[in-house]
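Just so it is clear: chains get the letters A, B, ... in the order the sequence lines come, proteins before strands, and each one is counted from 1.
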Amino acid sequence: MLNVPTWTTDRVELLKNHFEAGLTCREIAASIGVSRNAVIGKLARLQLTRGPARAEPRPTKAARERSRKSIPRLQYKILQAVYENAEPLPEVAITSERRCSLFELSNQRCRWPIGTPGAEDFCFCGDTPVEGMPYCTGHTRLAYRPGSRQRVARAY
DNA sequence: CCCTGATTCGC
DNA sequence: GCGAATCAGG
């Protein structure tokens, strides 16, 4: 493969002329025989734009990654910690001394529902939650069972 | 959904 | 420098 430079002088000339003529980037790209992104990229490097640049520069990819992934990462860490001392889940119900009503729920009460909604004895676990989680340790392990998602997905 | 131009960043 | 991936906006 010969290494033909993409942006030869005449191609750049074509690019500029087509741009002046008001062709869209896609049309310019088709005319020259390159991708639309190539045209857009080259125009950007030539400082050629049609409208005023956007006021707010995009946050860096790193920043976007951070804000997008930080919460899932954190929760993954928490779950890791919950499963750190992994024993088989007990078959017996997880009991709580602190059962509470819907209105007594808070960030400091396990939100695991117990019983049938609407029933007289319906309530919530109410125990102290794992930090950053909506459930206590036992119910966190019940709620996030490894592999359960896949099994459920296949069932549908 | 389709499209557009603009920006970032790994190559 | 290049352009794919990704973005915001229409």
Side-chain angles (χ1 to χ4, degrees), chain A residues 1-89 94 102-114 116-118 122 124-156:
Chain A
M1 295 288 260
L2 266 65
N3 191 4
V4 179
T6 308
W7 292 109
T8 55
T9 310
D10 49 322
R11 271 182 165 179
V12 172
E13 209 51 43
L14 272 175
L15 173 69
K16 285 179 179 171
N17 291 340
H18 288 156
F19 179 80
E20 306 285 343
L23 297 185
T24 67
C25 289
R26 178 164 296 287
E27 290 165 335
I28 298 171
S31 160
I32 298 179
V34 297
S35 74
R36 187 180 73 99
N37 270 333
V39 168
I40 290 172
K42 186 58 178 173
L43 285 175
R45 267 171 256 123
L46 292 173
Q47 310 275 318
L48 292 176
T49 59
R50 291 187 199 273
R54 274 197 296 115
E56 301 173 32
R58 280 210 266 156
T60 65
K61 190 182 184 182
R64 277 183 278 119
E65 287 277 294
R66 245 179 290 121
S67 62
R68 188 169 58 84
K69 283 191 170 174
S70 63
I71 290 171
R73 276 245 170 89
L74 243 159
Q75 295 218 339
Y76 179 73
K77 278 289 168 64
I78 292 169
L79 288 175
Q80 259 192 334
V82 169
Y83 281 96
E84 197 91 331
N85 336 319
E87 290 167 40
L89 283 169
I94 297 160
L102 172 66
F103 302 108
E104 296 171 309
L105 283 179
S106 74
N107 288 347
Q108 298 311 311
R109 310 293 291 269
C110 174
R111 304 179 115 91
W112 191 269
I114 295 173
T116 306
F122 179 65
F124 294 87
C125 169
D127 220 339
T128 303
V130 176
E131 178 69 27
M133 283 288 162
Y135 306 124
C136 67
T137 304
H139 286 133
T140 294
R141 291 177 62 193
L142 269 185
Y144 304 99
R145 293 225 287 275
S148 64
R149 198 192 316 259
Q150 287 81 349
R151 259 182 268 117
V152 169
R154 251 185 278 118
Y156 276 100

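Between A/Cys136 and A/Val130, the shortest heavy-atom distance links the atoms C-CG2, 3.8 Å. Closest heavy-atom contact between A/Gly22 and A/Arg50: CA-NH1, 3.8 Å.
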Between the protein and nucleotides 9-11 of chain B, list every N/O to N/O distance that falls short of 3.5 Å.
residue, atom, partner, partner atom, Å
B/dC9, OP1, A/Lys61, N, 2.5

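Atom P of nucleotide B/dT4 and atom CZ of A/Phe19 are separated by 15 Å, given to the nearest angstrom. Rounded to whole Å, the distance from CG on A/Leu43 to C1' on C/dG1 is 14 Å. If you take CD1 of A/Ile28 and P of B/dA6, they are 11 Å apart, rounded to a whole angstrom. For A/Arg45 and B/dT7, the CZ to C1' distance is 12 Å, given to the nearest whole Å. Note: CD1 (A/Ile40) to P (C/dG1) measures 18 Å, nearest angstrom. As rounded to whole Å, 14 Å separates atom C1' of B/dT4 from atom CG of A/Leu23.
Put simply, A/Lys42 has no side-chain N or O that comes within less than 4.0 Å of OP1 or OP2 on C/dG3. For C/dG3, the OP1/OP2 oxygens have a side-chain nitrogen or oxygen of A/Thr6 closer than 4.0 Å.
The CZ atom of A/Arg109 sits 8.5 Å away from the CG atom of A/Asp127 when rounded to the nearest 0.5 Å. To the nearest 0.5 Å, atoms OG1 (A/Thr6) and NZ (A/Lys42) are separated by 9.5 Å. For the atom pair CD1 of A/Ile28 and CZ of A/Arg11, the computed distance is 13.5 Å after rounding to the nearest 0.5 Å. The CE atom of A/Met133 sits 10.5 Å away from atom CD of A/Glu131, with the distance rounded to the nearest 0.5 Å.
A donor and an acceptor atom, one from each side chain of A/Thr8 and A/Asp10, are located under 3.5 Å apart.
Between A/Tyr135 and A/Trp112, the angle of the ring planes goes over 60°, which puts this pair in the perpendicular group of the 30/60° scheme.
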Test side-chain contact (heavy atoms from CB on, under 4.5 Å) on A/Leu15 and A/Leu46 and set out the steps. CA-CA 10 Å; A/Leu15 173 69; A/Leu46 292 173; 3.8 Å; yes
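For DNA chain B, the neighbouring residues in residues 31-39 of chain A, judged by any heavy atom under 4.0 Å, are A/Arg36, A/Asn37.
Within 3.5 Å, no donor on the side chain of A/Arg26 pairs with an acceptor on the base of B/dT4, nor the reverse.
Across C/dC2, B/dT7, B/dG5, the shortest atom-to-atom separation from the side chain of A/Arg50 is found for B/dG5. The nucleotide whose nearest atom lies closest to any side-chain atom of A/Arg58 is, among B/dT4, C/dG3, C/dT6, C/dT6.
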